[in-house]
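What follows is a set of notes on a single structure, which appears directly below.
Residue numbers begin at 1 in each chain, while the letters A, B, ... track the order of the sequences.
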Number of protein chains: 2
Amino acid sequence: MKEVTKYIIKNSLKRIFLYRACLSRLKQMGVDKVFSYTLANEAGVTPAQVRKDFSEFGIKGNKKGGYEIDELLSKMEEIFHRSKDHNIVLIGMGNLGQSLSRYSKFVQRNMNIVATFDVDPFKLKMRSEIPVYSMTRLKEIIDRFRVKVAIIAVPEISAQEVADELIRHGIKGIVNFAPVLLKVPSEVVVNNVNLCDELESVIYYVQKILKSEGLKNIELLYKDMKY
Amino acid sequence: MKEVTKYIIKNSLKRIFLYRACLSRLKQMGVDKVFSYTLANEAGVTPAQVRKDFSEFGIKGNKKGGYEIDELLSKMEEIFHRSKDHNIVLIGMGNLGQSLSRYSKFVQRNMNIVATFDVDPFKLKMRSEIPVYSMTRLKEIIDRFRVKVAIIAVPEISAQEVADELIRHGIKGIVNFAPVLLKVPSEVVVNNVNLCDELESVIYYVQKILKSEGLKNIELLYKDMKY
DNA sequence: TATATTTTGTGACTTCTTTCACAACAAATG
DNA sequence: CATTTGTTGTGAAAGAAGTCACAAAATATA
Ligand SMILES: NC(=O)c1ccc[n+]([C@@H]2O[C@H](COP(=O)([O-])OP(=O)(O)OC[C@H]3O[C@@H](n4cnc5c(N)ncnc54)[C@H](O)[C@@H]3O)[C@@H](O)[C@H]2O)c1
Ligand SMILES: NC(=O)c1ccc[n+]([C@@H]2O[C@H](COP(=O)([O-])OP(=O)(O)OC[C@H]3O[C@@H](n4cnc5c(N)ncnc54)[C@H](O)[C@@H]3O)[C@@H](O)[C@H]2O)c1
């Protein structure tokens with residue numbers, strides 16, 4: 001089993017998520033039709049980019065008529081198989097894990113954290129709305145709820161061993177918050193989210209901005225960060 | 001003042017962070033010298049990629065001798081201006097904000113959350129180690145600690161107004177956790193982190209993997225996500 | 001000191017991504 | 001119903017990112 005490290009998700013997919021968020025917002029504001037340039041403007045990209053991305057995901061609009069927001073949104077739901085619910089487990093109910101387990105947006109998008117796990121016996125809460133189980137029950141719960149995706153929020157030192165155990169029990173996708181690049185077999189998807197790096201990269205660019213006051217530099221800089 | 005939307009940070013910069021993490025780990029394991037292929041293997045990229053990235057950031061090694069880990073790390077510190085401390089403010093002490101404010105890795109990397117802010121009067125704690133102030137004291141604290149970078153962890157609905165206020169008080173960089181694309185002037189850096197999207201993109205790829213059992217598809221898929 | 005060996009650093013090449021530009025089409029207009 | 005208008009969808013062009021391959025350099029070896 002070839003062990004590899006993976007990291008980032010295709011930009012075009014991220015932009016589709018972005019478009020969806022913009023569309024939802026426009027819809028709430030009472031808009032029900034967009035042109036590629038309306039959406040592009042909203043999302044901070046070019047109209048051609050919007051159309052190319054749509055093309056990649058097989059999303060079609062109406063010549064001259066633009067795109068119906070409702071149609072777009074439901075096409076996107078379809079692409080993401082968002083109709084059905086997705087059961088998730090979360091490992092590590094510390095600071096971050098507890099925060100994530102309470103995050104309501106996951107549920108809004110049909111991603112349900114059905115159970116959480118921790119090694120610390122003081123953290124266990126079997127009867128809570130989102131239960132906190134001991135790690136010994138991991139396999140049982142993954143099987144019962146047909147869980148395929150897990151969130152890792154354990155300390156750096158334990159992240160790889162937890163990942164290995166999850167994969168042994170059939171997990172195929174992991175969002176990893178521990179600041180370590182997980183090694184996983186090639187048929188498993190990992191998205192390593194490193195919040196320190198996210199903050200640090202902002203600091204890096206801010207320092208550059210503060211040093212170079214000239215506008216030309218800022219334009220260049222902007223390219224580095226544009227979607 | 002041209003308002004633009006920004007999103008992502010250059011891949012090569014992210015890889016430099018990745019290399020740094022790998023190097024720290026290797027160092028802890030007692031290694032003190034690497035070749036481009038050692039590090040590449042550790043980071044899951046090609047040796048050429050490592051050397052190209054180093055070249056972009058002006059990092060030089062020793063012909064035949066590879067790279068001294070200590071030298072590499074201190075060169076990286078230098079690039080990221082990590083010698084001095086960076087003062088950060090955090091807005092929104094809810095679930096996520098509280099978790100982030102307690103995250104020790106920020107401090108380890110000289111990024112200090114000097115103060116946090118919230119509108120909710122019940123959340124205020126002026127005498128705590130990391131104080132929670134009312135928003136009225138924002139300008140005072142930003143000025144006093146020469147803060148240039150902020151973390152936004154307020155609800156979606158308030159994120160743009162908070163960003164505007166921060167920028168008015170001289171903030172030049174923002175890490176935004178609210179699931180909304182902030183509009184900011186072009187001399188301000190924003191890194192929008194959307195955890196829902198991160199999770200959802202993993203689900204997307206997992207579904208693809210589960211559908212297409214053939215190995216060729218997985219190779220293709222893998223390309224989509226590789227660094 | 002000459003030769004062999006090994007690894008860097010980078011220009012050339014390739015592949016991937018974005019932008020351009022325009023044919024095709026649908027709606028509006030007269 | 002022909003013509004104009006305006007927008008999509010997509011190949012082609014341009015640009016960016018990643019890989020290859022090899023000269024240059026440093027070290028080891030004889
Ligand atoms: N706190 C944050 O805001 C934050 C932000 C970004 C990343 N992270 C990362 O997320 C991870 C968790 O951070 P945290 O601040 O919540 O830490 P924490 O120490 O508060 O929580 C870790 C939890 O994991 C549990 N745990 C430890 N080993 C385990 C194992 N083998 N199996 C199951 N559970 C185990 C612990 O009992 C604890 O409850 C860390 O890797 C950290 O670097 C945290
Ligand atoms: N909880 C999570 O795990 C999580 C994960 C990813 C993203 N987020 C996002 O992070 C943000 C915060 O999430 P949360 O779960 O902590 O929400 P929360 O409701 O627990 O906390 C929000 C906090 O912001 C404060 N606030 C509201 N308006 C404010 C304003 N104008 N100025 C200053 N403070 C203000 C509130 O008083 C509250 O304390 C949201 O945008 C959410 O979508 C949260």
Quiz item: Hey, are A:Lys27 and A:Asp70 close enough for a salt bridge, meaning a charged N less than 4.0 Å from a carboxylate O?
Solution: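 So A:Lys27 pairs with A:Asp70 through a salt bridge.
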How many Å lie between [atom1] on [X] and [atom2] on [N], as a whole number?
X        : N      : atom1 : atom2 : result
B:Met225 : C:dC16 : CE    : P     : 16 Å
A:Arg15  : C:dT19 : CZ    : C1'   : 12 Å
A:Glu71  : D:dT8  : CD    : P     : 13 Å
A:Lys75  : D:dT8  : NZ    : P     : 16 Å
B:Lys14  : D:dG18 : NZ    : C1'   : 18 Å
B:Leu13  : D:dG18 : CG    : C1'   : 17 Å

Exercise. Please identify each residue that fulfils side chain to side chain contact (heavy atoms under 4.5 Å, CB included) with B:Lys172, with sequence neighbours left out.
Key: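 With neighbours one apart ignored, the set is A:Val206, A:Leu210, B:Lys148, B:Glu187.
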Quiz item: Got a sec, which residues hit side chain to side chain contact (heavy atoms under 4.5 Å, CB included) with B:Ala159, two or more places apart in sequence or on another chain?
Solution: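 Once residues adjacent in sequence are excluded, the partners of B:Ala159 under the side chain to side chain contact (heavy atoms under 4.5 Å, CB included) criterion are B:Ile152, B:Val154, B:Asn176, B:Ala178, B:Val180, B:Leu182.
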Quiz prompt | Neighbours of DNA chain C within residues 49-68 of chain B, by heavy-atom distance under 4.0 Å | solution =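 Correct list: B:Arg51, B:Lys52, B:Ser55, B:Lys60, B:Gly61, B:Asn62, B:Lys63, B:Lys64, B:Gly66, B:Tyr67.
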Quiz item: Can you name the residues that form a ring pair (Phe, Tyr, Trp, His ring centres under 6.0 Å) with B:Phe17, not counting sequence neighbours?
Solution: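 B:Phe17 satisfies ring pair (Phe, Tyr, Trp, His ring centres under 6.0 Å) with B:Phe80 once adjacent residues are dropped.
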Quiz item: For A:Phe57, which residues count as a ring pair (Phe, Tyr, Trp, His ring centres under 6.0 Å) partner, sequence neighbours excluded?
Solution: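 A:Phe57 satisfies ring pair (Phe, Tyr, Trp, His ring centres under 6.0 Å) with no other residue.
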Quiz item: Nearest to the side chain of A:Ala48, which nucleotide is it out of D:dC20, D:dG18, C:dC20?
Solution: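 Minimum distance to the A:Ala48 side chain belongs to C:dC20.
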Quiz item: For B:Ser36, which contact category applies under a 4.0 Å heavy-atom criterion: base, sugar-phosphate, or nothing?
Solution: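 Sugar-phosphate only.
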Atom pairs and distances, side-chain donor-acceptor, residues 97-105 of chain B, under 3.5 Å, sequence neighbours left out:
{"residue": "B:Gln98", "atom": "NE2", "partner": "B:Met93", "partner atom": "O", "Å": "2.8"}
{"residue": "B:Ser99", "atom": "OG", "partner": "A:Leu96", "partner atom": "N", "Å": "3.4"}
{"residue": "B:Ser101", "atom": "OG", "partner": "B:Gln98", "partner atom": "O", "Å": "2.8"}
{"residue": "B:Arg102", "atom": "NH1", "partner": "A:Asn95", "partner atom": "OD1", "Å": "2.2"}
{"residue": "B:Lys105", "atom": "NZ", "partner": "A:Glu156", "partner atom": "OE1", "Å": "3.1"}

